[in-house]
Amino acid sequence: METLAVVLEAPERLALRALSLTALGTADVLIEVAHSGISSGTEKLLWSGKMPTFPGMGYPLVPGYESVGRIVDAGAEVRGRIGEWVFVPGANCYEGARGLFGGTAQRVVMPSARALPVAESLGRDGILTALAATAYHAVVGGKVPDLVIGHGIVGRLVARIAVALGAPAPTVWETNADRRDGTGYAVIDPATDERRDYATICDASGAPEILDMLVPRLSKGGEIVLAGFYDRLSFAFPPAFMREARMRISAEFTPADVAATNALVASGALRLDGLISHVRPASEAADAYPAAFGDPTCLKMVLDWSHV
């Protein structure tokens, strides 16, 4: 079997080309992908060549961990899953290219256990499953944040999930005036905020210099949750020492986080609409990737495989 896949041949060099797929195992499923999201965090690092050392890193590679589609074939042990609509959190099924993270292709082969059921009624919004679960993981790992840094897609989801869980609506800092459009919580210019007593601050900006800005805003014993992806972080120790500040690194989501966010969506407490700003045919991937990272109006770029 073959598939068309987005292949990063080298930093800032991308092609849409055919790759051979590994054989379907007895516990594997074959998925026809409908939509794939482009991550403005890890995929931007892969695109720029600035990705830190990571297991499986190397070019050429197939990126992506935000796809949705339908199971169209399956191995003998999992034939009953044919027809299911699922989320693809990545795949490693290609000959001639690494699967890091491997989900941005017209079709993928993957273990059945990794194909996560999602509501087909979500349509392309289903690609947000990973980001919603990531945000949920950051929120429930400690106290719900009362300040969120950055009103990009992860920051929006953190704020929406905090509200969906019944917590007081957090304040969100956003320096871009065009992105101060929150619903159900306040989005403000950080320069206008005089508070110095936040108990939990969740950073969703990924800015490497962020800690020196946030530590003075903490209450005594307050916590900073790092929900972005960073190469290297540093901070001035004395202000953190005086506040007995704590820092928590929020790692990748788990299947339990996916189940919890799916339940919030199904109940109506959490909405995923209004977060995808741009959609391009997968055939335009070479233009879509730089736009996803460089266009300030792009909140989330999605590739549509139906046109290929």
For the residue pair Trp173 and Tyr198, does the interplanar ring angle fall in the parallel (under 30°), tilted (30 to 60°) or perpendicular (over 60°) class?
perpendicular

May I ask you to test the Leu157-Val139 pair for a side-chain heavy-atom distance under 4.5 Å?
no

Is there a donor-acceptor pair closer than 3.5 Å between any side-chain N or O of Asp257 and the backbone N or O of Thr254?
yes

Should the pair Asp304-Arg124 be classified as a salt bridge under the 4.0 Å nitrogen-to-oxygen rule?
no

Decide whether Thr26 and Glu77 meet the rule of one side-chain donor and one side-chain acceptor closer than 3.5 Å.
yes

Are the charged groups of Asp73 and Arg79 less than 4.0 angstrom apart, N to O?
yes

Could Asp146 and Arg217 be called an ion pair, given the rule that one side-chain N must be under 4.0 Å from one carboxylate O?
no

Using the rule given for side-chain contact (heavy atoms from CB on, under 4.5 Å), can you reason through Phe253 versus Thr129, listing the C-alpha separation, both sets of side-chain angles and the distance that settles it, and then say yes or no?
CA-CA 10 Å; Phe253 66 90; Thr129 296; over 6 Å; no

Side chain to side chain, Glu284 and His307, heavy atoms closer than 4.5 Å:
no

Full working for salt bridge (Lys or Arg N to Asp or Glu O under 4.0 Å) between Asp273 and Arg271
CA-CA 6 Å; Asp273 60 295; Arg271 292 172 34 245; 2.9 Å; yes

With sequence neighbours left out, what residues match Phe229 under side chain to side chain contact (heavy atoms under 4.5 Å, CB included)?
Thr42, Leu45, Met51, Pro52, Phe54

Whether Phe237 and Phe235 hold their rings parallel, tilted or perpendicular, with breakpoints at 30° and 60°:
tilted

Closest heavy-atom contact between Pro145 and Val158?
CG-CG1, 4.0 Å

Met1 and Val109: side-chain contact (heavy atoms from CB on, under 4.5 Å), yes or no, with the steps?
CA-CA 10 Å; Met1 280 188 297; Val109 172; 4.1 Å; yes

